[in-house]
Asks: 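Let me give you the structure first, and then I'll get to my questions.
In what follows, every chain begins at residue 1, and chains take the letters A, B, ... in the order their sequences are listed. What you are looking at is a predicted structure, and each value in this text was computed from that prediction instead of being measured.
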Number of protein chains: 2
Amino acid sequence: MAIFSRTCEYAIRAVLYIAHQSTPSQKIGIKEIAAGIDSPELYLAKILQNLSKKGIINSTKGPHGGFYIQEDSLRKPLSEIVEAIDGEGLFRGCALGLSQCSELNPCPLHDQFKSIRTQIHQVLSQTTIGEFNQELVEGILSLRK
Amino acid sequence: MAIFSRTCEYAIRAVLYIAHQSTPSQKIGIKEIAAGIDSPELYLAKILQNLSKKGIINSTKGPHGGFYIQEDSLRKPLSEIVEAIDGEGLFRGCALGLSQCSELNPCPLHDQFKSIRTQIHQVLSQTTIGEFNQELVEGILSLRK
DNA sequence: TAAATAAAAGATATTCTTGTCCTTTAAATA
DNA sequence: TATTTAAAGGACAAGAATATCTTTTATTTA
């Protein structure tokens with residue numbers, strides 16, 4: 001199993017792609033996004049609808065419409081995308097799936113995973129949607145399969 | 001999404017339960033294991049069959065048969081269970097699902113997740129199946145929902 | 001050796017995730 | 001204002017994960 005669901009992988013890649021390829025005056029269409037990140041177009045459309053409802057990205061219909069991201073959303077952390085799609089399972093909850101697991105009633109892996117979860121959460125909440133734009137433009141980073 | 005698949009959660013809990021509840025001369029049946037870790041009995045049976053084939057646990061059929069674990073398997077790391085069930089996705093591969101992601105062609109999260117993966121792998125490969133027996137016996141740790 | 005026991009194995013069912021299709025709505029522009 | 005464009009929305013389909021059921025095999029013991 002991977003760290004993120006496939007849906008969440010698509011979501012993160014798409015948001016980063018939108019962040020560096022579009023502005024509110026130059027929107028980008030679903031076709032181009034899907035091609036840009038190697039994802040199934042119609043499935044990605046559903047994912048972006050979801051992210052749009054949650055205010056992480058924006059969209060407009062009609063000619064010259066498409067997806068874009070507001071300036072201030074570029075400062076949002078990636079953890080918002082992950083929580084919107086995969087929930088908080090990576091950050092909270094018991095690694096062994098025990099609902100009763102807690103400090104007082106810990107599962108065997110409780111302490112070890114507390115630190116791992118913290119680190120995952122830190123990375124995702126300190127990394128912003130916009131911070132890769134320069135490297136993406138320069139081709140140092142890749143979003144395609 | 002959680003860190004492990006549900007199947008893997010059952011697997012780890014079951015193996016730890018077997019480790020502390022049974023010996024090669026005192027085997028434990030699937031009914032009791034499933035009750036002991038709150039999991040669906042028949043599904044757990046499939047999982048244990050799988051782990052048994054892979055040599056992580058042992059079993060014998062017939063009266064007084066059941067599952068048990070060999071002395072030396074108690075020293076095996078939990079990573080063996082995780083790899084047997086969920087594969088190596090947690091330890092290797094790109095967080096964003098990009099097959100081309102590498103040191104030379106990194107995805108945006110490459111470096112951050114390299115360290116997270118390493119930590120997950122370390123915890124799971126340094127933690128052994130047998131090391132919780134004492135705490136489980138004493139009731140300090142829990143395996144039930 | 002026959003009967004009883006318990007896991008293995010194979011088949012099927014259910015649920016969730018992923019992916020596709022078709023119609024509707026909103027926006028731009030001719 | 002009619003037409004075109006592109007996303008939104010609803011319904012459906014395929015696949016994978018999870019769960020259950022039934023039959024078979026191996027082992028013990030009466």
Asks: Which whole-number value in Å describes the distance from A/Lys31 NZ to D/dA8 C1'?
Replies: 15 Å
Asks: Using atom CD of B/Gln49 as one end and atom P of C/dA11 as the other, report the distance to the nearest whole Å.
Replies: 14 Å
Asks: For a quick test of reading the model, state the closest non-hydrogen atom pair linking B/Ser142 to A/Leu98 and the distance between them.
Replies: O-CD1, 3.4 Å
Asks: In this structure, how many angstroms lie between the C1' atom of C/dT17 and the CE atom of A/Met1, rounded?
Replies: 13 Å
Asks: For the residue pair A/Lys46 and A/Asn50, confirm or rule out a side-chain donor-acceptor distance under 3.5 Å.
Replies: no
Asks: I need the CD1-P distance between B/Ile28 and C/dT5, as an integer number of Å.
Replies: 19 Å
Asks: Is B/Ser52 close enough to C/dA7 that one of its side-chain N or O atoms is under 4.0 Å from OP1 or OP2 there?
Replies: no
Asks: Could you state the CG-P distance from B/Asn58 to C/dA6, rounded to the nearest angstrom?
Replies: 18 Å
Asks: In whole Å, I'd like the distance from the CD1 atom of A/Ile47 to the P atom of C/dT20.
Replies: 11 Å
Asks: Donor-acceptor pairs under 3.5 Å, side chain of residues 75-96 of chain B to any protein atom, not counting sequence neighbours: which ones?
Replies:
unit_1	atom_1	unit_2	atom_2	d
B/Lys76	NZ	B/Gly55	O	3.0
B/Asp86	OD1	B/Ser5	OG	2.6
B/Asp86	OD2	B/Ser5	N	3.0
B/Glu88	OE1	B/Arg92	NE	3.0

Asks: By the salt bridge (Lys or Arg N to Asp or Glu O under 4.0 Å) test, which pairs, at least two apart or in different chains, include something from residues 114-126 of chain B?
Replies: B/Glu103-B/Lys114, B/Asp111-B/Lys114
Asks: Using a 4.0 Å heavy-atom cut-off to protein, can you give one letter per nucleotide of nucleotides 11-22 of chain D, 5' to 3': B if the base is in contact, S if only the sugar-phosphate is, - if neither?
Replies: B------BBBB-
Asks: Give one of base, sugar-phosphate or nothing for A/Leu48, where a contact means two heavy atoms less than 4.0 Å apart.
Replies: nothing
Asks: Can you tell me which residue pairs pass the ring-ring contact (aromatic ring centres under 6.0 Å, His included) test with a partner in residues 52-86 of chain B, sequence neighbours excluded?
Replies: none
Asks: Run the side chain to side chain contact (heavy atoms under 4.5 Å, CB included) test on A/Gln112 and A/Ile116 for me, step by step, so that the C-alpha distance in whole Å, both residues' side-chain angles and the decisive distance to 0.1 Å come before the verdict.
Replies: CA-CA 7 Å; A/Gln112 289 92 330; A/Ile116 290 172; 5.5 Å; no
Asks: Counting heavy atoms not belonging to B/Gln26, are there more than 12 under 6.0 Å from its CD?
Replies: no
Asks: Using a 4.0 Å cut-off on protein heavy atoms (strictly under), produce a 5'-to-3' string for nucleotides 25-30 of chain C with B for base contact, S for backbone-only sugar-phosphate contact, and - for none.
Replies: BBBBS-
Asks: Under 6.0 Å from the CD atom of B/Glu138, do we count more than 12 heavy atoms belonging to anything else shown?
Replies: yes
Asks: Which Ile, Leu, Val, Met, Phe, Trp or Tyr residues join A/Met1 in one cluster when any pair of side-chain heavy atoms under 4.5 Å counts as a link?
Replies: B/Met1
Asks: Which whole-number value in Å describes the distance from A/Asn50 CG to D/dG10 P?
Replies: 14 Å
Asks: What's the NZ-P distance between B/Lys27 and C/dA8, to the nearest Å?
Replies: 13 Å
